[in-house]
*Asks:* 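There's a structure below that I have some questions on.
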Number of protein chains: 2
Amino acid sequence: MAGRSSTSLAAGAKPPAPRRTRNKPEERHREFVRKAVELFAEVGFEAGTRELAQRLGVTQPLLYRYFPSKDDLIAAVYQEIYVNRWKPEWREGLIDESRPIRDRLIAFYEDYTETIFTPEWLRIYLFAGLRGVDINRRYAATVEAEILRPITVATRKSFGLGGGDPPTPEEVELSWTLQGGIFYYGVREIVYRFPMTVDRAAMIRNAVDTFLAGVGSVMKRLAERESNSA
Amino acid sequence: MAGRSSTSLAAGAKPPAPRRTRNKPEERHREFVRKAVELFAEVGFEAGTRELAQRLGVTQPLLYRYFPSKDDLIAAVYQEIYVNRWKPEWREGLIDESRPIRDRLIAFYEDYTETIFTPEWLRIYLFAGLRGVDINRRYAATVEAEILRPITVATRKSFGLGGGDPPTPEEVELSWTLQGGIFYYGVREIVYRFPMTVDRAAMIRNAVDTFLAGVGSVMKRLAERESNSA
DNA sequence: CGTATTATTTATCGAATGATAATTAAAGGA
DNA sequence: TCCTTTAATTATCATTCGATAAATAATACG
């Protein structure tokens with residue numbers, strides 16, 4: 001709430017009394033990034049710096065005191081969303097062999113979707129991917145390493161298949177299909193505002209159950225082909 | 001090939017001899033749309049009309065003789081991609097009960113992904129969804145009606161479950177998960193340029209097999225719950 | 001209280017944007 | 001061949017954009 005007032009002044013002739021409150025740089029920095037996340041999620045990265053300044057109740061050149069360029073501001077937005085909101089406990093929960101695989105998967109996807117199924121997360125993610133590939137490629141690499149490989153290994157173990165060796169690309173791709181299916185539910189709901197007829201929890205449960213009920217036979221076939229060719 | 005020449009003139013001082021070839025409006029229209037698809041896929045809809053004109057070897061105001069505004073040009077691009085490239089035979093193939101469900105699904109997804117797994121299709125689709133929701137919502141509604149409901153019905157039949165009545169939302173959502181999983185493979189490959197380790201055909205085969213091997217038990221559970229609550 | 005620091009403002013630049021009006025010249029028909 | 005039509009051009013306007021320089025005033029500190 002630092003710096004309320006804005007445009008709702010009686011539409012007189014004179015400039016609206018330049019309110020000038022002096023804030024700590026750290027707080028301003030955080031405030032700027034937070035509002036930038038909001039604005040970029042709505043409009044995209046073409047959103048003007050003037051629009052952002054107006055929403056902050058601040059003049060436009062002030063932004064350039066905190067961020068050397070608009071691209072630096074965008075970089076801070078990426079950091080905020082895709083680094084700060086990542087939870088290491090996701091991986092930890094998935095490799096916790098004391099719980100059934102089904103519980104682990106459902107618990108993970110319920111928490112994960114709670115984090116990413118927001119307009120801010122999803123829309124900025126899509127904007128980023130269309131602007132340049134590095135952010136999304138790096139994020140996808142992290143997801144594969146920290147989420148999908150653990151899921152693949154845990155699933156394979158649950159079917160009594162070899163647990164030690166690293167999962168094959170084709171096995172990991174099976175987990176990607178589950179991940180993508182759930183992800184796309186969020187895109188339809190949040191980004192495309194498609195009228196959803198099944199609630200999120202039921203979707204996750206059914207997707208995970210279909211995956212676990214079906215992936216065993218495919219993994220077995222892949223394992224046999226692997227051992228035959230070896 | 002109407003109007004070659006462009007910027008590769010000897011970098012003299014004088015204007016590059018205004019080449020003025022007169023073309024039929026219909027051809028120009030198609031040519032403009034085709035190049036607009038190309039440009040918008042690369043840069044997004046913020047791409048300048050001057051850039052487009054330059055790529056066409058034409059002056060910028062000429063665009064406004066064929067399209068009253070940039071938004072009309074964008075609308076023509078949507079028409080070209082999401083209407084003209086839709087194949088009614090997709091639905092026909094999926095409801096063809098003379099072939100096994102597995103063959104139908106694999107054949108459909110191989111042909112469908114061949115159509116949509118291009119930078120033009122995918123990137124413009126994502127751009128469109130971030131610009132406004134109507135295009136994508138309408139497309140998703142078409143996919144659900146023409147593709148996913150047939151898939152759901154055919155799958156249910158293949159498990160000996162009731163074939164007549166319309167599929168429940170939860171059943172359709174199961175097919176959406178498959179659709180989304182495959183769709184997201186294309187986004188990773190084409191848009192994010194993620195290094196793919198499994199080729200498209202294998203991915204489709206494994207995704208469909210996992211779906212068919214797993215969806216039966218979930219559909220049966222849904223059917224039982226349905227009949228119990230009735 | 002008075003002075004130094006710096007957060008914030010005002011003013012402005014240059015480039016790029018979508019769009020319009022007026023002008024020019026290529027093609028088709030008599 | 002001339003004349004009508006209209007495709008395509010040149011010239012230009014009003015906005016908006018990211019960014020910079022200089023002026024101003026709120027705070028911290030002595």
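The model shown is predicted, which means the values in this text are computed figures rather than measured ones. Letters A, B, ... mirror the listed sequences (proteins, then strands); counts begin at 1. The analysis underlying the following values was restricted to heavy atoms, covering all of them including side chains, and did not include hydrogens, waters or symmetry mates.
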*Asks:* Could you state the atom-to-atom distance from CD of B:E27 to C1' of D:dT6 in whole Å?
*Replies:*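 Rounded to whole Å, this separation is 16 Å.
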*Asks:* Considering all heavy atoms of both residues, which atom of B:R85 and which atom of B:T115 are nearest to each other, and what is their separation?
*Replies:*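 Scanning both residues, the minimum pair turns out to be O-CG2, 3.8 Å.
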*Asks:* Hey, are the side chains of B:I147 and B:Y112 touching, using non-hydrogen atoms and a 4.5 Å cut-off?
*Replies:*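 No, every pair of side-chain atoms sits at 4.5 Å or beyond.
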*Asks:* Nearest to the side chain of A:P61, heavy atoms from C-beta on, is which of D:dT10, D:dG18, D:dA21?
*Replies:*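 Taking heavy atoms from C-beta onward, the closest nucleotide is D:dA21.
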*Asks:* Output yes when at least one side-chain N/O atom of B:T59 is less than 4.0 Å from OP1 or OP2 of D:dA8, else no.
*Replies:*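 Checking D:dA8 against B:T59, no side-chain N or O comes under 4.0 Å of OP1 or OP2.
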*Asks:* Can you check the A:L39 CG to D:dG18 P distance for me, whole Å?
*Replies:*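 To the nearest whole Å, that distance equals 10 Å.
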*Asks:* The side chain of B:Y64 lies closest to which of these nucleotides: C:dT8, D:dG18, C:dA19?
*Replies:*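 The closest nucleotide is C:dA19.
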*Asks:* Look at atom CZ of A:R193 and say whether more than 12 heavy atoms of other residues, nucleotides or ligands are closer to it than 6.0 Å.
*Replies:*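 No, because the 6.0 Å sphere around CZ of A:R193 holds 12 heavy atoms or fewer from other groups.
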*Asks:* Could you state the CZ-P distance from B:R65 to D:dT5, rounded to the nearest angstrom?
*Replies:*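 It works out to 13 Å between those atoms.
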*Asks:* For B:L63 and C:dA21, give me the distance from atom CG to atom P, rounded to whole Å.
*Replies:*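 Value for this atom pair: 17 Å.
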*Asks:* May I ask you to test the A:R123-A:F40 pair for a side-chain heavy-atom distance under 4.5 Å?
*Replies:*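 Not touching, per the 4.5 Å side-chain cut-off.
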*Asks:* Base, sugar-phosphate or nothing for B:Y66? Non-hydrogen atoms, less than 4.0 Å.
*Replies:*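 Here B:Y66 touches the backbone only, sparing every base.
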*Asks:* Can you tell me the distance, in whole Å, between the CD atom of A:Q60 and the C1' atom of C:dT12?
*Replies:*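 Distance check: A:Q60 CD to C:dT12 C1' gives 11 Å.
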*Asks:* To the side chain of A:P25, which of C:dA7, C:dA19, D:dG18 is closest?
*Replies:*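 Minimum distance to the A:P25 side chain belongs to C:dA7.
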*Asks:* Do the ring centers of B:Y139 and A:Y192 come within less than 6.0 Å of each other?
*Replies:*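 So the answer is no for these two rings.
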*Asks:* From CG of B:L62 over to C1' of C:dA26, roughly how many Å is that when rounded to an integer?
*Replies:*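 It works out to 13 Å between those atoms.
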*Asks:* Name the closest nucleotide to the A:V58 side chain, picking from C:dT9, D:dA19, C:dG18.
*Replies:*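 Side chain of A:V58 sits closest to C:dT9.
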*Asks:* Heavy atoms under 4.0 Å, any strand shown: does A:A53 hit a base, just sugar-phosphate, or nothing?
*Replies:*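 It contacts nothing in the nucleic acid.
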*Asks:* For B:K70 and D:dT15, what is the distance between atoms NZ and P respectively, to the nearest whole Å?
*Replies:*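 Atom-to-atom, B:K70 to D:dT15, this comes out as 19 Å.
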*Asks:* For A:H29 and C:dT8, what is the distance between atoms NE2 and P respectively, to the nearest whole Å?
*Replies:*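 Distance check: A:H29 NE2 to C:dT8 P gives 13 Å.
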*Asks:* Let's see if you can work this out: which of D:dA8, D:dA11, C:dT12 has an atom nearest to the side-chain heavy atoms of A:R50?
*Replies:*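 Nearest to the side chain of A:R50 among the choices is C:dT12.
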